[in-house]
Amino acid sequence: MDVFRIEGGARLAGTLRVNGSKNAALPQLAACLLTDTPVTLRDVPELSDIGSMYRLLATLGVDLDRDADTRTVTLRSADEGKSHATYDIMRTMRAGICTLGPMLARRGSARVSLPGGCAIGDRPVNLHLKGMRALGAQIDLDQGDIVATAPGGRLRGARVFLGGSFGSTVLGTANVMSAATLAEGTTIIESAACEPEIVDLADLLTAMGARIAGAGSPRITIEGVNELGGTDHRVIADRIEAGTFMVAAAITGGSLRLKNCPLDCMMAATELLRDSGVIIREEPGADPLRATCTVEAGDKLMPAELTTQPHPGFPTDLQAQFMALLCLADGNSVVTEKIFPERFMHVAELSRMGASLHRQGATVVVSGVRGLTGAPVMASDLRASAGLVLAGLAAKGQTVINRVYHLDRGYEHLETRLAEVGAKITRCDDTVAARVPKTTDLPEVTVVRRRPVAGPAS
Ligand code: EPZ
C-alpha cells in the first residue's frame, strides 16, 4: 500500500488550480441513465471514486468515452436492460446509490445494493427510499439489495419531506430530484439539500430538458417531462478541495494563489479563516464560482468556534482540515460535528502529533499548541486523511501517512500538486517508508509511483 512521507516546515508558495468537484460529478454521472442520448461532462476529476462510478455505470449498460487529459467524459446509456448495481462496487463507493432514481425513472425498475457504512458513520439511505416510495415506487429488500419497481413503468409526481434531525440529505435530494424529472406530474421536495452540488446537478438536468425550480433552496419543484436529451456540461469547482488548499497555505505560514476557486459558495469557510487571521484576497473576475484568489497566513492564528451544518453552514467535509489548523491557534477552539457525529477518526492521529484535543461526544475542544511533531499516522477516511496531510506539512520532522488510498478517492495526485508549491512530500510504498530512518536528513529514496487504486469505502 502507498504511504505519504512528509518533511514538515516548508512554507507553501505558488499557484494551484482547483479541480472539478467529486461530489458534483458523481450524481451527474448517474444522471446519464435518464436518457439514451450522449451526455458530456467536463472537468471531471481523475479520482478512484470517479473510476468506481465509471465501472458501475459500465455494468449498467453505459458506454463511456473518456479523455483523461482534458478530464472530459461522454456517456451513453446504450443497454437499458442491465439494471443491477452490485455490492462488489457499491461497497467501495456509496454514491452509487444515485443510480437508483435515474434507473427507476427511465427504465421502470432497478436493483441496487444497499451501500455499507463507513468510517464516518452508518450512512443510512432511508430517506432515498422514502423519496422513491413517495414517487410511487414499490421498494423491497432482497439479500442486501434494494429492489425497486415503478408501477406501470412510470413514477408519479408527489410532495416529499426529506429532512431529518441533521438537516437534509445531499445525495438523497440528488436521487429524488433526478427521478422526479421523468415522473408524471409535479414533485415538490421539502427540506431539500441546498448544497452547490445540488444546484449544479439541477443545471445539468435542466440542460437535458428537465423543468426544475428552486434548486439551492429548501424547496425544489420539478415538473415531470416525458423525455430527456443529452448535453455538454462543465462540472462546478470543488469547494472542499479549495478549502483544503486554503488551510494548506494558512497552516504552513505560506501564500497560495488558487485558480478556479468557487469562492461564492465557500463563505462559511472563508469567513472562519478570515476571523482566524488568514488573509484572503479575491482578484476581479467574471465568475465568483470560478474565481482566482490568494490565501496568505496572517501574523497570528486566532482560535475559532466551528459547528458543521448543511449548506450554507460550515461544511462537514472541511471539519478535519480546519481542526488540524486550529491545533496551532493561539487559544482554545471548539469544533462541533452536527452532520456525522462520529466523524473524528483524525482526533487520535492528530493527538499522536502533539495536538491537544479533548472530545466530548460530537464536540472537540482544541487547545492550541506551539507546534506539532511529525509521526507515523493512519489515514481512515478521505477528509480525516486530508487533515493529517495538512498537519504533517506544518509539523516538525517527518510524518508518514499510511493507507493513502483514502486520499486518492477525493484528491487527484495530491502529493504532486503540493510538491509543486514547495511541500516536501513523496508517495512511496509502505515497505520503503518503513525502512527509511526517522531523521530529517534522509537519503533520497527511490519513489515507486503507481497509479492510485480504488480502496474500500471510507
Ligand atoms: C454527501 O454525502 C457527500 N458525498 C459527503 O461527502 C458529505 O459529507 C455529505 O453529503 C454531507 O454534506 C457525496 O456527495 C458523494 P447526506 P451524503 O445524505 O449525501 C443522514 C466526502 O468526504 N442521512 O447528506 O451521503 C446521514 O446519516 C463525502 O466527499 C439519513 O439519515 O450525505 C447524515 O447524518 C463524505 N438518511 C446526514 O443525513 C438518509 O437516507 C447527511 O448525510 C441519508 C442521509
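Keep in mind that what you see is a predicted model, and the values were worked out from it rather than measured. Both counts, for ligands and for their atoms, begin at 1 and track the order of listing.
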Point to revise | Verdict with supporting geometry, M132 and L100, side-chain contact (heavy atoms from CB on, under 4.5 Å) | key: CA-CA 9 Å; M132 300 305 153; L100 174 65; 4.0 Å; yes
Please list, in number order, the atoms of ligand 1 under 4.0 Å from a heavy atom of [X].
X    : result
L127 : 36 (N), 39 (C), 40 (O)
R383 : 21 (C), 22 (O), 29 (O)
H128 : 40 (O)
V125 : 39 (C), 40 (O)

Would one find an N or O of [X], backbone or side chain, under 3.5 Å from an N or O of ligand 1?
X    : answer
I339 : yes
L26  : no
L171 : yes
T169 : yes
D317 : yes

For ligand 1, the portion of [X] having any non-hydrogen atom under 4.0 Å away:
X    : value
R94  : side chain
A174 : neither
K22  : side chain
L382 : side chain
E337 : neither

Exercise for review: Check whether more than 12 heavy atoms from other residues, nucleotides or ligands sit under 6.0 Å from atom CZ of R111, and answer yes or no.
Suggested key: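 Check passes, neighbour count above 12.
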Point to revise | Pair L60-M103, side-chain contact (heavy atoms from CB on, under 4.5 Å): steps then yes or no | key: CA-CA 9 Å; L60 299 176; M103 285 199 288; 4.0 Å; yes
**Study point:** Positive for side chain to side chain contact (heavy atoms under 4.5 Å, CB included) with F245, one of V421, D238, L414
**Key:**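 For F245, the side chain to side chain contact (heavy atoms under 4.5 Å, CB included) check succeeds only for L414.
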Check your understanding: Of the listed options (T316, T173, I198), which comes nearest to atom 11 (C) of ligand 1 when hydrogens are ignored and any heavy atom counts?
Key ->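 Looking at heavy atoms only, the winner is T316.
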Point to revise | Identity of the nearest option to atom 15 (C) of ligand 1, non-hydrogen atoms only, from N23, D381, D49, N126 | key: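 Selected option, by shortest heavy-atom distance: N23.
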Check your understanding: Applying a strict 4.0 Å limit to heavy atoms, is G410 in contact with ligand 1?
Key ->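 False for this residue.
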Point to revise | Close approach, R343 and ligand 1, non-hydrogen under 4.0 angstrom | key: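 It does, in that a heavy atom of R343 comes within the 4.0 Å cut-off of ligand 1.
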Review point. Applying the salt bridge (charged side-chain N to carboxylate O under 4.0 Å, His left out) test to E46, which of K22, R409, R66 qualifies?
Key: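 Among K22, R409, R66, the one that satisfies the salt bridge (charged side-chain N to carboxylate O under 4.0 Å, His left out) with E46 is R66.
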Exercise for review: Identify the heavy atoms of P196 and I236 that sit nearest to each other, and give their distance.
Suggested key: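 Shortest heavy-atom separation between P196 and I236 comes out as CB-CD1, 4.0 Å.
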Review point. Closest heavy-atom contact between D49 and T92?
Key: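 Where D49 meets T92 most closely, the heavy atoms are OD1-O, 4.1 Å.
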Exercise for review: Start with the C-alpha gap between D408 and H413, add the side-chain angles, then the distance that decides, and say whether side chain to side chain donor-acceptor pair (under 3.5 Å) holds.
Suggested key: CA-CA 7 Å; D408 294 328; H413 304 314; over 6 Å; no
**Study point:** Inter-residue atom distance I425.CD1 - I401.CD1, 0.5 Å rounding
**Key:**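 CD1 of I401 is found 6.5 Å from CD1 of I425.
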Point to revise | Side chain proximity check, E271 to F314, heavy atoms < 4.5 angstrom | key: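 Sidechains of F314 and E271: no contact.
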**Study point:** Centroid-centroid under 6.0 Å between F340 and F166 rings
**Key:**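 Aromatic pair excluded; centres sit 6.0 Å or further apart.
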